[in-house]
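All remarks here apply to the structure that follows.
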Amino acid sequence: MIIDGKKIAEDIQQEIKARIQSYSTRPPCLAVVLVGEHPPSQIYVNRKTQACAAVGIRSIKKLLPANMTEEELLAEIEILNNDPQIDGILVQLPLPPHINPNRITYHINPNKDVDGFHPFNVGKMLIGEMDGFLPCTPLGIKVLMERSAIDITGKHALVIGRSNIVGKPMAALLMQGMPGGNATVTIAHRYSIDLPTLCRLADIIIIAIGQPKFLKADMVKEGAIVIDVGINKIEDATKKSGYQIVGDVDFENVAPKCSYITPVPGGVGPMTIAMLLHNTLLSYQLKLKQGLIS
Ligand code: GUN
């Protein structure tokens with residue numbers, strides 16, 4: 001079965017929109033910071049702000065020059081941290097090479113860290129306190145599986161890729177002792193020996209390595225669940241644009257072996273955005289509860 005991430009994300013967006021409409025207070029607000037002109041980041045940032053508008057979240061786009069200093073970016077974040085009208089702050093990655101992304105992430109107020117990248121929120125997630133912000137892509141995958149009625153309890157999940165944005169937090173969520181967790185987790189990366197064998201042992205494969213069509217049919221066991229996080233642009237002369245977007249999975253050949261698989265596009269991608277909206281609403285709701293919004 002092909003999991004329709006677009007449809008599930010749309011359902012969630014409708015739920016978020018209805019919840020926001022039920023408030024008589026000011027709308028939630030997300031600040032999105034983009035440094036430089038990295039073309040894929042420009043596309044992602046636009047998608048995020050458009051999604052905000054569709055559900056009634058106000059967004060502020062801060063487009064900053066690639067040659068700004070780390071100190072200048074920290075000062076921008078400080079302004080956003082101190083602005084009571086802003087509920088969420090997202091600094092789009094990657095940043096230009098002269099800016100240390102960790103230093104920037106550390107500086108975002110953890111209560112506005114809707115990406116879930118601040119060490120405070122990462123730590124909370126790791127120790128199983130789920131009331132912090134969870135990173136959008138792994139959370140989106142968890143919700144995608146839950147809404148598809150996939151029970152991962154006791155299953156062997158293989159996460160391929162160990163990034164701070166996807167692989168590491170994904171493994172943490174899958175292994176956590178909570179509903180939607182309780183899996184047996186293996187993390188593979190570029191130094192893993194005999195990846196095909198590891199793959200064939202897995203009930204669930206989550207792949208996020210940025211290698212077009214890397215996961216082949218002979219690496220997947222019959223009935224496996226495959227979640228494809230990759231977004232890769234490859235040349236395609238038959239397309240008007242001259243390219244097509246493919247995932248990290250050789251979808252055409254892998255899909256027939258799977259019990260569930262996510263497509264690219266239309267799988268994990270829309271869920272990442274839906275979870276960003278979810279986290280922004282969460283931040284807003286926490287402030288509402290504390291009487292900080294009128
Ligand atoms: N770059 C790629 N994915 C992400 C994400 O989820 N958040 C941010 N801030 N940057 C990204």
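One-based numbering along the sequence shown. In what follows, every heavy atom counts, from backbone to side chain, and hydrogens, waters and symmetry copies are set aside. What you see is a predicted model; the values in this text were computed from it and never measured.
Counting heavy atoms from C-beta outward, D236 and Y243 have side chains that stay 4.5 Å or more apart. Inter-residue side-chain proximity for L90 and D113 is flagged as unmet; no heavy-atom pair is nearer than 4.5 Å. No side-chain heavy atom of I141 sits under 4.5 Å from any side-chain heavy atom of P138. Proximity of L64 to L34: side-chain heavy atoms (C-beta onward) are nowhere separated by under 4.5 Å. Using a 4.5 Å heavy-atom threshold, the side chains of I8 and M271 count as touching. With contacts defined as side-chain heavy-atom distances shorter than 4.5 Å, the pair L158/C199 qualifies. A heavy-atom distance below 4.5 Å is not found between the side chains of V264 and F251. Here the side chains of I207 and V249 are in contact, with some heavy-atom distance below 4.5 Å.
Summarising the geometry, atom NZ belonging to K239 is positioned 10.5 Å from atom CD1 belonging to I245; distances are rounded to the nearest 0.5 Å. Taking CG of L134 as the reference point, atom CE of M170 lies at 10.5 Å (rounded to 0.5 Å). Note: K216 NZ to D250 CG = 4.5 Å, rounded to the nearest 0.5 Å. Taken to the nearest 0.5 Å, the CG atom of N279 stands 10.0 Å off from the CG atom of L30. Atoms CD1 and NE2, on I108 and H118 in that order, are 8.0 Å from each other to the nearest 0.5 Å. Once rounded to the nearest 0.5 Å, the distance linking CD1 of I16 with CD1 of I57 reads 6.5 Å.
Taken together through direct or relayed side-chain contacts under 4.5 Å among Ile, Leu, Val, Met, Phe, Trp and Tyr, L139 and L126 form parts of separate hydrophobic clusters. By the criterion of side-chain heavy atoms lying less than 4.5 angstrom apart, applied directly or through intervening Ile, Leu, Val, Met, Phe, Trp or Tyr residues, F214 is not grouped with V246; the two fall into different hydrophobic clusters. Taken together through direct or relayed side-chain contacts under 4.5 Å among Ile, Leu, Val, Met, Phe, Trp and Tyr, I2 and I205 form part of one hydrophobic cluster. I231 and V159 sit in two unconnected hydrophobic clusters of ILVMFWY residues. Membership requires side-chain heavy atoms under 4.5 Å apart, directly or through other members. Hydrophobic clustering keeps I273 apart from I20 (ILVMFWY residues linked when any side-chain heavy atoms are closer than 4.5 Å, directly or through intermediates).
The backbone N or O of L201 sits less than 3.5 Å from a side-chain atom of H156, completing a donor-acceptor pair. In terms of modelled atom types and a separation under 3.5 Å, the side chain of K17 and the main chain of G56 share no donor-acceptor contact. Distance alone, capped at 3.5 Å, is enough to place a donor-acceptor pair between the D248 side chain and the G210 backbone. Between the side chain of S41 and the backbone N or O of E37, no donor-acceptor pair lies under 3.5 Å. At least one donor-acceptor pair under 3.5 Å links the side chain of N232 to the backbone N or O of G247. Put simply, the side chain of S163 gets close to the backbone of V166: a donor and an acceptor are under 3.5 Å apart. Between the side chain of K112 and the backbone N or O of L80 there is at least one donor-acceptor pair closer than 3.5 Å. Judged purely by atom type and a 3.5 angstrom limit, D83 has no side-chain atom pairing as donor or acceptor with the backbone of I79. The backbone N or O of M125 sits less than 3.5 Å from a side-chain atom of Q176, completing a donor-acceptor pair. Although no hydrogens or angles enter the test, the distance criterion places no donor-acceptor pair under 3.5 Å between the side chain of E235 and the main chain of G242.
Across all their heavy atoms, V220 and C258 have their closest contact at CG1-SG, 4.4 Å. Here the closest heavy-atom approach between residue P270 and residue G5 is recorded as CB-O, 4.0 Å. Across every non-hydrogen atom of K257 and D218, the tightest pair is NZ-CA, 4.4 Å. Of all heavy-atom pairs between A202 and K221, the closest is O-CE, 3.5 Å. Residues L198 and I193 approach most closely at CD1-O, 4.2 Å, considering heavy atoms. Scanning all heavy atoms of the two residues, the minimum distance from A157 to L174 falls at CB-CD1, 3.9 Å.
In this structure, E146 places its CD atom where more than 12 heavy-atom neighbours from other residues, nucleotides or ligands lie under 6.0 Å away. Summarising the local packing, CZ of R47 is surrounded by 12 or fewer heavy atoms from other residues, nucleotides or ligands at distances under 6.0 Å. Crowding of E129 atom CD: a count of heavy atoms from other residues, nucleotides or ligands under 6.0 Å exceeding 12. The number of heavy-atom neighbours closer than 6.0 Å to CZ of R200, taken from other residues, nucleotides and ligands shown, is above 12. Around CZ of F120, the count of heavy atoms belonging to other residues, nucleotides or ligands within 6.0 Å does not exceed 12. In the displayed structure, Q290 atom CD is contacted under 6.0 Å by more than 12 heavy atoms of other residues, nucleotides or ligands.
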Please lay out, stage by stage, how V33 and Q92 fare under the test side chain to side chain contact (heavy atoms under 4.5 Å, CB included).
-> CA-CA 6 Å; V33 179; Q92 186 66 27; over 6 Å; no

Under the salt bridge (charged side-chain N to carboxylate O under 4.0 Å, His left out) rule, what do D4 and K7 come out as? Steps first, then yes or no, please.
-> CA-CA 5 Å; D4 190 346; K7 166 77 173 60; over 6 Å; no

Could you walk me through whether C52 and T280 pass the side chain to side chain contact (heavy atoms under 4.5 Å, CB included) check?
-> CA-CA 9 Å; C52 282; T280 306; 5.8 Å; no

Verdict with supporting geometry, K62 and E72, salt bridge (charged side-chain N to carboxylate O under 4.0 Å, His left out) | CA-CA 13 Å; K62 285 240 167 205; E72 284 167 339; over 6 Å; no

Passes salt bridge (charged side-chain N to carboxylate O under 4.0 Å, His left out), D131 versus K124? Steps please.
-> CA-CA 8 Å; D131 61 342; K124 280 187 76 127; 3.0 Å; yes

Residue pair I261, I225: steps toward the side chain to side chain contact (heavy atoms under 4.5 Å, CB included) verdict | CA-CA 6 Å; I261 187 166; I225 296 160; over 6 Å; no

Check step by step if side chain to side chain contact (heavy atoms under 4.5 Å, CB included) holds for D228 and V268.
-> CA-CA 7 Å; D228 190 351; V268 173; 5.9 Å; no

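Here F117 and F133 keep their ring centres 6.0 angstrom or further from each other.
Looking only at atom types and distance, the side chain of K233 has no donor-acceptor partner in the side chain of Q244 under 3.5 Å away. Side-chain atoms of K213 and N253 form no donor-acceptor pair, as typed in the model, at a separation below 3.5 Å. Side-chain atoms of H107 and E78 form a donor-acceptor pair, as typed in the model, at a separation below 3.5 Å. Under the 3.5 Å distance criterion, with hydrogens and angles disregarded, no donor-acceptor pair is assigned to the side chains of Y44 and T272.
Tested against Y284 for a side chain to side chain contact (heavy atoms under 4.5 Å, CB included), the candidates K289, R26, R19 yield a single pass: R26.
Using a 4.0 Å cut-off between a side-chain N of Lys or Arg and a carboxylate O of Asp or Glu, D87 and K287 qualify as a salt bridge.
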